[in-house]
Amino acid sequence: MRTKIVAGNWKMNLDVEASKKLAMDISTDIQNLETNNTRIIIAPTFTNLYPVINLVGMDTRIEIAAQNMHQAKSGAYTGEIAADMIQSIGVNTVILGHSERRTYFNETDKALAEKVNTALQNRMDVIFCFGEVLEDRQQNNHFSIVEIQLKKALFHLKPQDWKHIILAYEPVWAIGTGETATPEQAQEMHAFIRNLLSAKFGENVAQEVSILYGGSVKPANAKEIFSKPDVDGGLIGGAALHSQDFTALIQAIQ
Ligand code: PEP
């Protein structure tokens, strides 16, 4: 059975006190939920990872992830953070390839392939994001764009590496826009991705990898999206900043 996952990407929001409060609220709000089959992940900004871990690190239901990292081990990369640094505070999961990183910080497929390699060498789990822009979908190129993104960044991996990969299909036109892919559009793309993985890495890998949907998931639309057979959860932006909404999303996946 595939692992269900609800992951909150806090992006560049919340100072240290607000991050601690949100983490604590989530820890409290999920207390009475049956969450045994769900991985709950939150991704504060770099500066707030350590304070949040100190606060809720003992809560085994909540995992903490970083929003990015550099591919090099160390060196002259001003402003960047290495895998070892993230791991030295107890964080073993990282989001890579978010569309905001690709768009505003020019992250290329090549750089992402290197980042994935570094994460795997360090035995970290990766939430790997990808997805088409609106124009691609309007021109019916969304399947080929997604295929290229996956091939360039992930198709050099070995089947056993996939134990550490979580995929997050995030159509860029649905991120932070209030526009959501329909449950059918999400299912169609997730099934397409699973077929690609099956052809390249075998049916076992394809059936084991969790594929999250991301793009304006809210308590009002989550249940329908999460009910699709190839949707294994969500990567959540806006709604992850409110404990009650985030908790409702965790409830929606049960
Ligand atoms: C995201 O940034 O990954 C995301 C899905 O954001 P939102 O839920 O706000 O669309």
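Whatever order the structure lists ligands and atoms in, that order sets their numbers, starting from 1.
- With salt bridges taken as basic N to acidic carboxylate O contacts below 4.0 Å, one links D232 and R194.
- Side chains of E179 and S216: a donor-acceptor N/O pair is absent below 3.5 angstrom, by distance only.
- Regarding atom 3 (O) of ligand 1, its nearest protein heavy-atom neighbour is E170 OE2, 2.6 Å.
- The distance from ligand 1 to the heavy atoms of G176 drops below 4.0 Å at these ligand atoms: 7 (P), 9 (O), 10 (O).
- Inclusion of G238 in the set of residues having an N or O under 3.5 Å from an N or O of ligand 1 is warranted.
- Rounding to the nearest 0.5 angstrom, the gap separating the CZ atom in F201 from the CD atom in Q160 is 10.5 Å.
- With sequence neighbours left out, the salt bridge (Lys or Arg N to Asp or Glu O under 4.0 Å) criterion links D161 to no other residue.
- The pair D109-R102 counts as a salt bridge, with a side-chain nitrogen and a carboxylate oxygen less than 4.0 angstrom apart.
- The CD atom of E147 sits 4.5 Å away from the CG atom of L196 when rounded to the nearest 0.5 Å.
- Counting atoms of ligand 1 from 1 in the listed order, those under 4.0 Å from a heavy atom of H98 are 1 (C), 2 (O), 3 (O).
- Against a heavy-atom cut-off of under 4.0 Å, K11 is close to the following atoms of ligand 1: 1 (C), 2 (O), 6 (O).
- S243 pairs with exactly one of D25, T28, D29 by the side chain to side chain donor-acceptor pair (under 3.5 Å) rule, that one being D29.
- Per-residue contacts place G215 under 4.0 angstrom from the following atoms of ligand 1 (heavy atoms of the residue considered): 5 (C), 10 (O).
- At least one side-chain heavy atom of E170 sits less than 4.5 Å from a side-chain heavy atom of H98.
- Heavy-atom distances between A240 and ligand 1 stay at or above 4.0 Å for every pair.
- For ligand 1, the atoms closer than 4.0 angstrom to any heavy atom of A174 are 10 (O).
- When only interatomic distances are considered, the shortest N/O to N/O separation between T177 and ligand 1 does not fall below 3.5 Å.
- Near I175, meaning under 4.0 Å from one of its heavy atoms, ligand 1 places the atoms 1 (C), 2 (O), 4 (C), 6 (O), 10 (O).
- Looking from atom 4 (C) of ligand 1 to the surrounding protein, the closest heavy atom is G237 N, 3.6 Å.
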